[in-house]
**Student:** 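Got a structure for you, written out below as structure tokens; questions coming shortly.
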There are 2 protein chains.
Amino acid sequence: MPRNDRYRRAMTVADTAASGLHPEAYSAAQRRVLAAALDLFAEHGVSGTSLQMMADEIGVTKAAVYHQFRTKEQIVLAVAEVEMARLDVAVTEAEAAGRGAEAREVLLSRVISMAVERRRWVNALSGDPVMIRLLGTHQPFLDLMDRLYSVLLGDEAGTTAVVQIAIVSAAIGGAVVHPLLAGLDDETLEAELLQITRRLFDLPT
Amino acid sequence: MPRNDRYRRAMTVADTAASGLHPEAYSAAQRRVLAAALDLFAEHGVSGTSLQMMADEIGVTKAAVYHQFRTKEQIVLAVAEVEMARLDVAVTEAEAAGRGAEAREVLLSRVISMAVERRRWVNALSGDPVMIRLLGTHQPFLDLMDRLYSVLLGDEAGTTAVVQIAIVSAAIGGAVVHPLLAGLDDETLEAELLQITRRLFDLPT
DNA sequence: GTCTATATCGAGATAGAC
DNA sequence: GTCTATCTCGATATAGAC
């Protein structure tokens, strides 16, 4: 990443404002980089992951990685967009199911399924400070989250309803990475999460 | 941090095995370093925070920071231990309330109160990969978490009960840092969290 | 698509004066 | 307790050959 007056520049999407929700089809070499990057981000964090680590993981040199992506920031952005595209599919599918409880039901099951399936990477994608800053300034992502929350909220309004969906989101994202549940198989975890989140929504407010 | 054969060495507690749950009283200069470090960890992650950033934040030079702590790892460890000591007080207090529902009730309210109060730093303390690795090899921390989970579990056993407390933990930790709730005042957030977590425990399994 | 080689900078860390 | 000065290394990044 380029430099700042004092430290290295904070990551922004300024250089890549054109990138939206439709990441072009990456080459095989690019996909290898992105897969290695995601694994390493999960283990060491974005800042703790160097281009050298990615190169070693793939079994090539740093220069080969730089041939696929011009900067580290481009890699982070590409990783984020690939995951966003997955989430977009789920939200779009839920929206197609209408505006009420059915839509919410569809979204919940799709999101839980995705979160469980990709639990090794959830923390890197949603908890890493570099990723948070990047996505927080990335309008397509903000729009996607708005849509997601709209489906979850349905017709509800008010603080309690917002707290409720925030808690459900947090519970899903946090449970799949929770050390207590690290040994639990995906199917059981998914079933339990589905059950408990459904009951959270059925609770009287 | 010292180096590895290939990259810089992963953080361990090997050098400081003697440090436990009773951090010595830090000097005023040391506390300034720890406060700055915690803020910066929350904003940039542990790996993304340099000694230079800490020095700038405090208004001294790097060498002055190195006079207070011999390595960056010592700073991370000290930050973690100060927070652990806070949590330890809450767990100890809950344990004093017995072994049943009352103990759980005390612990829940204390933990929620702590999490809300310190929500700016929760992600850095529980989600940062460096912190996770450090604490995961730190026996006093593992013991503390065992005690915490024991109080939450009470007499319950079985997968569903474990999932339940994992979800409650995740919900608390995740809700306080959730962007949707960033604008919510501490008192409201605390009350809502208390209510919803209590209901989660009252649900029939 | 991958390599070797290199440039530049900031990181962690230390020595020694005040 | 803080400073200036310095060391070494790994980080991002580029040039140019194969």
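Per chain, numbering begins at 1; letters A, B, ... match sequence-line order.
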**Student:** Please tell me if B:T61 has a side-chain N or O lying less than 4.0 Å from either OP1 or OP2 of D:dT2.
**Tutor:**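 For D:dT2, OP1/OP2 do not have a side-chain N/O of B:T61 under 4.0 Å.
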**Student:** What integer distance in Å separates A:Q52:CD from D:dA13:C1'?
**Tutor:**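 Value for this atom pair: 13 Å.
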**Student:** Could you tell me the separation between the NZ atom of A:K72 and the C1' atom of D:dG10, rounded to a whole number of Å?
**Tutor:**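 The distance from NZ of A:K72 to C1' of D:dG10 comes to 12 Å, rounded to the nearest Å.
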**Student:** Roughly, in whole Å, what's the span from OH in A:Y66 to C1' in C:dT2?
**Tutor:**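 Roughly 16 Å, once rounded to whole Å.
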**Student:** Could you tell me whether the side chain of B:K62 and the main chain of B:D56 form a donor-acceptor pair under 3.5 Å?
**Tutor:**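 Between the backbone of B:D56 and the side chain of B:K62 there is no qualifying donor-acceptor contact (under 3.5 Å).
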**Student:** Rounded to the nearest angstrom, tell me the gap between atom CE in A:M54 and atom P in C:dT2.
**Tutor:**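 In whole Å, C:dT2 P and A:M54 CE are 15 Å from each other.
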**Student:** Got a donor-acceptor contact below 3.5 angstrom from the A:S113 side chain to the A:S109 backbone?
**Tutor:**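 Here the side-chain-to-backbone pair does not exist.
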**Student:** Any salt bridge (charged side-chain N to carboxylate O under 4.0 Å, His left out) pairs touching residues 96-113 of chain B, not counting sequence neighbours?
**Tutor:**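 Every pair satisfying salt bridge (charged side-chain N to carboxylate O under 4.0 Å, His left out) with a residue in residues 96-113 of chain B: B:E93-B:R110, B:E105-B:R198.
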**Student:** Write out a two-atom table: protein N or O, nucleotide N or O from nucleotides 15-17 of chain D, distance below 3.5 Å.
**Tutor:**
none

**Student:** Return the set of residues passing salt bridge (Lys or Arg N to Asp or Glu O under 4.0 Å) with B:R118 (not counting sequence neighbours), or none when no residue passes.
**Tutor:**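 Checked B:R118 against salt bridge (Lys or Arg N to Asp or Glu O under 4.0 Å); matches are B:E83.
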**Student:** Could you please name the option among D:dT4, C:dG1, D:dG1 that lies closest to any side-chain atom of B:S27?
**Tutor:**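 Nucleotide nearest to B:S27's side chain: D:dG1.
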**Student:** Quickly work out the A:Q68 CD to C:dG1 C1' distance and round it to whole Å.
**Tutor:**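 Going from CD in A:Q68 over to C1' in C:dG1 covers 7 Å.
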**Student:** Would you say A:Q30 places a side-chain N or O within less than 4.0 Å of OP1 or OP2 belonging to C:dG1?
**Tutor:**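 No, A:Q30 has no side-chain N/O under 4.0 Å of OP1/OP2 on C:dG1.
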**Student:** For D:dG10, take OP1 and OP2 only and decide whether either is under 4.0 Å from a side-chain N or O of A:S50.
**Tutor:**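 The answer is no; no side-chain N or O of A:S50 sits under 4.0 Å from OP1 or OP2.
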**Student:** Rounded to whole angstroms, how far apart are CG on A:L51 and P on D:dG10?
**Tutor:**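 A:L51 atom CG is separated from D:dG10 atom P by 15 Å.
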**Student:** What is the distance, rounded to the nearest whole Å, between atom CE of B:M53 and atom C1' of C:dG12?
**Tutor:**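 Going from B:M53 (CE) to C:dG12 (C1'), I get 13 Å.
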**Student:** Applying salt bridge (charged side-chain N to carboxylate O under 4.0 Å, His left out) as the test, list every pair that has at least one member in residues 173-190 of chain B; sequence neighbours left out.
**Tutor:**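 Every salt bridge (charged side-chain N to carboxylate O under 4.0 Å, His left out) pair that includes a residue of residues 173-190 of chain B, provided the two are not neighbours, is B:R119-B:D186.
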**Student:** Quick one: B:F69 CZ to D:dG1 P, roughly how many Å, whole number?
**Tutor:**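 Going from CZ in B:F69 over to P in D:dG1 covers 11 Å.
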**Student:** The side chain of A:K62 is closest to which nucleotide in this list: D:dT2, C:dC3, D:dA13?
**Tutor:**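 Comparing D:dT2, C:dC3, D:dA13 against the side chain of A:K62, the answer is D:dA13.
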**Student:** For A:A28, what residues pass the side-chain contact (heavy atoms from CB on, under 4.5 Å) criterion, not counting sequence neighbours?
**Tutor:**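 A:A28 satisfies side-chain contact (heavy atoms from CB on, under 4.5 Å) with A:R31, A:R32 only.
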**Student:** Can you list every pair that meets ring pair (Phe, Tyr, Trp, His ring centres under 6.0 Å) and has a residue in residues 166-194 of chain A, with sequence neighbours left out?
**Tutor:**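 Found A:H178-B:Y149.
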